[in-house]
Number of protein chains: 2
Amino acid sequence: MEEAAALLKQKGLKVTPQRLAILNLLRNTKEHPTAETIYKKLASDFPTMSLATVYKTLEVLKNIGLIQELNVGEGSFRYDANTNSHPHLVCLGCGKVEDLDESVLQNLIEEVKKHTDYKLVEQKLYFYGYCPACQKKLSN
Amino acid sequence: MEEAAALLKQKGLKVTPQRLAILNLLRNTKEHPTAETIYKKLASDFPTMSLATVYKTLEVLKNIGLIQELNVGEGSFRYDANTNSHPHLVCLGCGKVEDLDESVLQNLIEEVKKHTDYKLVEQKLYFYGYCPACQKKLSN
DNA sequence: CTATCTGCAAATGTTTTGCATGTCC
DNA sequence: GGACATGCAAAACATTTGCAGATAG
């Protein structure tokens, strides 16, 4: 059995088609979609699924650590199957959200540790700027 | 005249008691309050002020660069009269939000620049952990 | 005097909740 | 069969908007 299904069972949660579909969608995209986006993308395969189910499922998946919730500052959350709390790069031109390397993160954390007494647990890091394509558009 | 008042006028905006009160409150606290918190704190001095006015004022102050909006990931925004996009340190124990130095920020940005083609404009950086006081409580 | 603000109430958009029905195991 | 999930509609929030009356300049 797949580990996601196994993990759900182990927590006393049921393995439903909706849960697997949402998790797979997140695992197969680099887009960091919102609940609404996920709902629309799955509408053709699951015409009867409600938005409430998407939210409830995202909550469950988040709680068992299979996905993470991102807050880029847009008024709605985005979701990511990469659960490392890695830094994100948000393009102010086209709105896309990319990932930065785990190795970069380690260097950032080291720098912060030098300057604080806090015991660091996690972080949410968003860098905003213009991607190469949008830079080109702007200079035209 | 104070520079805040001057800046408002220069932008064709009016200098009202509500605007000054909200700005002063933000300047005299390190708490990074939410709109709701600001509203309650000013209720005694401005009993007739509405929450909508707080929001509209925060929007105005943000637009002219006198304050910044923070999104710590709580479902509501916090506001800060320190307009450097400096990193924040959030205590998971007591919920307080502290600032990290501008100098730390420069080092963090340098590190990210090494690893991306994006033209960086700003950033929102939140590190979560336990402050010294909360660490002590936990170890008891 | 007139453009801009304020305060109220209603609207909006996202997310959550309650509950009856359906489904996994 | 029984616990847990789903789907619907309604509720709950934070935030925004429209507009009539108030106020700054």
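Labels below follow one simple rule: chain letters A, B, ... track the order of the sequence lines, proteins then strands, and each chain is numbered from 1. Model, not experiment: these values are computed from the prediction.
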### Query
When we call it a touch if two heavy atoms are under 4.0 Å apart, what does A/Glu36 touch: a base, just sugar-phosphate, or nothing?
nothing
#### Entry: Closest nucleotide among D/dA5, C/dT6, C/dT17 to the B/Lys56 side chain
C/dT6
### Message
Between the base of D/dA3 and the side chain of A/Lys14, is there a donor and acceptor pair under 3.5 angstrom?
### Response
yes
### Query
Rounding to a whole Å, what distance do you find between A/Lys11:NZ and D/dC4:P?
15 Å
### Query
Whole Å only: how far is the CD1 atom of A/Ile38 from the P atom of C/dT15?
10 Å
### Task
Rounded to the nearest angstrom, tell me the gap between atom CG in B/Leu58 and atom P in D/dA14.
15 Å
### Message
Does B/Pro47 reach a base, just sugar-phosphate, or nothing at all? Heavy atoms under 4.0 Å.
### Response
nothing
### Query
Quick one: B/Phe77 CZ to D/dC13 C1', roughly how many Å, whole number?
13 Å
### Task
Please check the phosphate of D/dT15 (OP1 and OP2 only) for any side-chain N or O of B/Tyr55 closer than 4.0 Å.
yes
### Message
Tell me whether the side-chain N/O atoms of A/Ser50 come closer than 4.0 Å to OP1 or OP2 in D/dT6.
### Response
no
### Message
What is the distance, to the nearest angstrom, from the CE atom on A/Met49 to the P atom on D/dC8?
### Response
11 Å
### Message
Both B/Pro17 and B/Lys62 contact DNA chain D. Which one's nearest nucleotide lies toward the 5' end?
### Response
B/Lys62
### Query
What is the nucleic acid contact for A/Thr53, judged by heavy atoms within less than 4.0 Å: base, sugar-phosphate only, or nothing?
base
### Message
Quiz question: by atom type and distance under 3.5 Å, do the side chains of B/Gln68 and B/Tyr79 form a donor-acceptor pair?
### Response
no
### Task
Just compare C/dG7, D/dT15, C/dT6 and give me whichever is closest to any side-chain atom of B/Thr57.
C/dT6
#### Entry: Side-chain touch A/Thr53/A/Ile22, heavy atoms, less than 4.5 angstrom
no
### Query
So which one's nearest nucleotide on DNA chain D is more toward 5', B/Ala35 or B/Thr16?
B/Ala35
### Task
Would you give the length of the straight line joining atom CG of B/Leu89 to atom OH of B/Tyr128, rounded to the nearest 0.5 angstrom?
10.5 Å
### Query
Side-chain contact, heavy-atom cut-off 4.5 Å: A/Lys41 with A/Pro33?
no
### Message
Using whole Å, what does the distance between atom C1' of nucleotide D/dC4 and atom CD of A/Glu59 come to?
### Response
16 Å
### Message
As an exercise, state the distance from CZ of B/Phe127 to NE2 of A/His115, rounded to the nearest 0.5 Å.
### Response
11.0 Å
### A/Ser76 side chain near C/dG13 phosphate (N/O to OP1/OP2, under 4.0 Å)
no
### Message
Quick one about A/Glu110 and A/Gln106 (side-chain donor to acceptor, distance below 3.5 Å, no hydrogens or angles considered), yes or no?
### Response
no
### Query
Which one, C/dC25, C/dT6, C/dC8, comes nearest to the side chain of B/Arg19?
C/dT6
### Query
B/Gln18 side chain N/O closer than 4.0 Å to the phosphate oxygens (OP1, OP2) of D/dT23?
no
### Message
For A/Ala52 and B/Phe46, find the nucleotide of DNA chain C closest to each by heavy atoms; which residue's nucleotide sits nearer the 5' end?
### Response
B/Phe46
### Query
Between atom CG in A/Leu8 and atom P in D/dA5, what is the gap in whole Å?
9 Å
### Task
Figure out the CD1/C1' separation between B/Ile22 and C/dC5, and round it to whole Å.
12 Å
